[in-house]
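To start, the structure itself, in structure tokens.
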Amino acid sequence: MSLSMKPATPCTFPTTTRPAKHVSVRCCTLTQTAVRPLKMSLDTHQPAVKSWEHLLDPLDYDPMASLFTSRAVKLGNKWKEYLGVKNWEGLLDPLDENLRGEILRYGSFVEAAYRSFNFDSSSSSYGACRYPKSTLLARSGLHQTGYRLTRHLRATSGIRLPRWVEMAPNWVATKSSWIGYVAVCQDKEEIARLGRRDVVIALRGTATGLEWLENFRATLTPVPNADTKPTHHDDGDGDDSEPMVETGFLSLYTSGTDEVPSLQEMVREEISRLLQTYGDQPLSLTITGHSLGAALATLTAYDIKTTFKRAPMVTVMSFGGPRVGNRSFRCQLEKQGTKVLRIVNSDDLITKVPGFVLEEEDADVPKDQNVYVAGLPSWIQKRVEDTQWVYAEVGRELKLRSRSCPYLKNINVATCHDLKTYLHLVNYS
């Protein structure tokens, strides 16, 4: 991506006299159709949705495919810094231009996952991928990326359904659906630019009815086969709790059927194959996703580092992700060396759920000082700590804000969470 891309008229399509264009806005648990003039790309006057089918319309706008060629700079031997080996120190405020380009590039991979998903609930192939591996990136708007798809990925809900659900519409009863892909950089010039061969796992956000239901299963549950030894923090405090993650996210990651392996099995199989093929080369695993995909990206990174003891550098770049696990889970990620960069819109409510965060590490707060939920008396605090609703934020945070952008108007819940908004804010922050 070349570093020169700064349009004179940000967030505005070329002037046109064509009629208003229908644009869909994705949310963590729904997709809401909006109508706006073509020129007003992020000005959203949104009518009420009149049918459930409209909630699953695809996002109707041209992807930011030009980002792949607009900021192409050679990363060289600094590639590990941009993947977080030093926890992105000095790169986030202000946002380093090279890192900005890499974030947008990985965001485009996620957008390709959205554009490749079949949202048509009346179709017999609803929930499947619209394109074969050989043409997915190009047909979803990303040309000349230097990457080749090697595996389609599916996620399966573990929720048991009553028999009558078989008569319900596809978007309600679809148990297993296509959620993303694995792609490997194969172009010699791109490998030289990146400084290594890169493997990308890109995951979309919530689309089907059962995925919505899994999102609401917000209590924490233990991670199978996790390291349950007490973890210790930099401040010397021990944590004897076991790693736990959101029940619904874990269900989507580990559930399978007789016909469809779990997402976990698919990822493990493909990463094992790729490590055997490219393990003797400089290699990185970059897992990226939006919304539900962001949560699953974090679980995937944790599982890869747990399963493959000699795994290369694993980095998560997530957009608009909800909370995933408890403090022990976060500590295990850190112990593994997994790097997580959370791109967060402070106006996006999805990034503030599920559960409670009772203790935060903040640069402005002494390490021996706890930051508690505002207004909670100590006796309630203690009881909350004993529940399975206490989460912890993971990784480093790149904080954005819709309300600080002069090119965004009529901000609402859906647009603040939309991937397009995130890419726009990264591009012009």
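Count residues from 1 along the sequence. These numbers come from a predicted model, not from an experiment.
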(request) Output yes when R151 and E269 qualify as a salt bridge under the 4.0 Å nitrogen-oxygen rule, no when they do not. (result) yes
(message) Between Q332 and T306, do the side chains contain a donor N or O and an acceptor N or O under 3.5 Å apart?
(response) no
(message) Here's one to test your reading of the geometry: is the NZ or CZ of R204 within 45 degrees of the ring axis of Y114 and under 6.0 Å from its centre?
(response) no
(message) I'd like to know if the side chain of W88 and the backbone of G90 have a donor-acceptor N/O pair within less than 3.5 Å.
(response) no
(message) Exactly one of V260, L252, L263, T208 should register a side-chain contact (heavy atoms from CB on, under 4.5 Å) with S176. Which one does?
(response) V260
(message) Treating S125 as the side-chain partner and A128 as the backbone partner, does any N or O pair qualify as donor plus acceptor under 3.5 Å?
(response) no
(message) Please tell me whether D303 and T300 have a donor and an acceptor in their side chains that are separated by less than 3.5 angstrom.
(response) no
(request) Run the salt-bridge test on E265 and R268 with the 4.0 Å N-O cut-off and return the result as yes or no. (result) no
(request) Search all heavy atoms of A301 against all heavy atoms of T338 and return the closest pair with its distance. (result) CB-CG2, 3.7 Å
(request) Just do the side-chain hydrogen bond (donor to acceptor under 3.5 Å, both in side chains) check on S177 and E211 with the steps written out, would you? (result) CA-CA 9 Å; S177 58; E211 288 171 359; 3.0 Å; yes
(request) Using a 4.5 Å cut-off on heavy atoms from C-beta on, say whether the side chain of Y253 contacts that of L299. (result) yes
(message) Return the CG to OH distance between L91 and Y82, rounded to the nearest 0.5 Å.
(response) 6.5 Å
(request) Indicate whether the side chain of Q264 and that of S262 have a donor and an acceptor atom separated by less than 3.5 Å. (result) no
(message) Return the CG to OH distance between L136 and Y131, rounded to the nearest 0.5 Å.
(response) 7.5 Å
(message) Would you say S318 and H290 are linked by a side-chain donor-acceptor pair, where the criterion is simply a distance under 3.5 Å?
(response) no
(message) Looking at R193 and E190, is there a salt bridge between them, counting it only when a charged N and a carboxylate O are closer than 4.0 Å?
(response) yes
(request) Look at the side chain of T421 and the backbone N and O of T415, then say whether any donor-acceptor pair between them is shorter than 3.5 Å. (result) yes
(request) Determine the minimum heavy-atom distance between I411 and C416, stating which atoms define it. (result) CG2-SG, 2.8 Å
(request) For A192 and K74, work out which heavy atoms get closest and say how close. (result) O-CE, 3.7 Å
(message) Using the rule given for side chain to side chain contact (heavy atoms under 4.5 Å, CB included), can you reason through V182 versus L149, listing the C-alpha separation, both sets of side-chain angles and the distance that settles it, and then say yes or no?
(response) CA-CA 6 Å; V182 182; L149 260 71; over 6 Å; no
(message) Could you tell me if the side chain of I201 sits less than 4.5 Å from the side chain of F109, heavy atoms only?
(response) no
(message) When you compare the side chain of R130 with that of F117, does any pair of heavy atoms fall below 4.5 Å?
(response) no
(request) Supply the atom-to-atom distance R115 CZ to C129 SG, rounded to the nearest 0.5 angstrom. (result) 13.0 Å
(message) Under a 3.5 Å distance rule, please check whether N87 uses its side chain to pair with a backbone N or O of E89 as donor and acceptor.
(response) no
(message) Using a strict threshold of under 4.0 Å (side-chain N to carboxylate O), is an ion pair present between E393 and R342?
(response) yes
(request) Go through the steps to decide whether L275 and T277 satisfy the test side chain to side chain contact (heavy atoms under 4.5 Å, CB included), and finish with yes or no. (result) CA-CA 5 Å; L275 291 179; T277 304; over 6 Å; no
(message) Determine whether a donor-acceptor pair (N or O, by modelled atom type, separation under 3.5 Å) exists between the side chain of R148 and the backbone of G146.
(response) no
(request) Answer yes or no: is there a side-chain heavy-atom contact under 4.5 Å between I287 and V314? (result) yes
(message) Check whether T247 reaches the backbone of T219 with its side chain - one donor and one acceptor, N or O, closer than 3.5 Å.
(response) yes
(request) Taking the side chain as every heavy atom from C-beta outward, state whether P312 and Y278 have any pair of such atoms under 4.5 Å apart. (result) no
(request) Quick one: pull up NZ in K420 and CG in L425 and give me the separation to the nearest 0.5 Å. (result) 12.0 Å
(request) Please determine, by modelled atom types, if S328 and N326 share a side-chain donor-acceptor pair under 3.5 angstrom. (result) no
(request) Inspect the surroundings of NZ in K78 and state if more than 12 heavy atoms from other residues, nucleotides or ligands are less than 6.0 Å away. (result) no
(message) Between K339 and V316, does the side chain to side chain contact (heavy atoms under 4.5 Å, CB included) criterion hold? Intermediate values first, please.
(response) CA-CA 6 Å; K339 302 301 178 181; V316 175; over 6 Å; no
(request) Decide, yes or no, whether a salt bridge links R217 with E214 under the criterion of side-chain N to carboxylate O below 4.0 Å. (result) yes
(request) List the atom of W178, the atom of A113, and the distance in Å for their closest heavy-atom pair. (result) CZ3-O, 3.1 Å
(message) Within the 4.5 Å heavy-atom criterion, are E246 and P354 side-chain neighbours or not?
(response) yes
(request) Decide if the gap between the ring center of Y391 and the ring center of F329 is smaller than 6.0 angstrom. (result) no
(request) Hey, could you give me the CD1/CZ distance between I159 and F216, rounded to the nearest 0.5 Å? (result) 10.5 Å
(message) Looking only at the side chains, is there a donor atom on one of Y147 and D198 sitting less than 3.5 Å from an acceptor on the other?
(response) yes
(request) Determine whether the side chains of N215 and T206 contain a donor N or O and an acceptor N or O closer than 3.5 Å. (result) yes
(message) Keeping K175 on the side-chain end and S157 on the backbone end, is there a donor-acceptor pair under 3.5 Å?
(response) yes
(message) Before you tell me yes or no, could you show the steps for Y422 and D348 under side chain to side chain contact (heavy atoms under 4.5 Å, CB included), namely the whole-Å CA-CA distance, both residues' side-chain angles and the distance that decides it to 0.1 Å?
(response) CA-CA 10 Å; Y422 271 86; D348 180 4; 2.7 Å; yes
(message) When you measure from the side chain of T298 to the backbone of A294, do you find a donor-acceptor pair of N or O atoms at a distance under 3.5 Å?
(response) yes
(request) Look at atom CD of E189 and say whether more than 12 heavy atoms of other residues, nucleotides or ligands are closer to it than 6.0 Å. (result) no
(request) Compare all side-chain heavy atoms of L274 with those of V184 and state whether any distance is below 4.5 angstrom. (result) yes
(request) To the nearest 0.5 Å, tell me how far I179 CD1 sits from L153 CG. (result) 8.5 Å
(message) Keeping S291 on the side-chain end and G293 on the backbone end, is there a donor-acceptor pair under 3.5 Å?
(response) no
(request) Compare every heavy atom of N345 with every heavy atom of K352, then report the nearest pair and how far apart it is. (result) NZ-O, 4.4 Å
(message) For a 4.5 angstrom cut-off between non-hydrogen side-chain atoms, does L194 reach C185?
(response) yes
(request) Please answer whether the main-chain N or O of D347 pairs with a side-chain N or O of R401 as donor and acceptor at a distance below 3.5 Å. (result) no
(message) For E259 versus P261, what's the shortest heavy-atom pair and its separation?
(response) O-CD, 3.9 Å
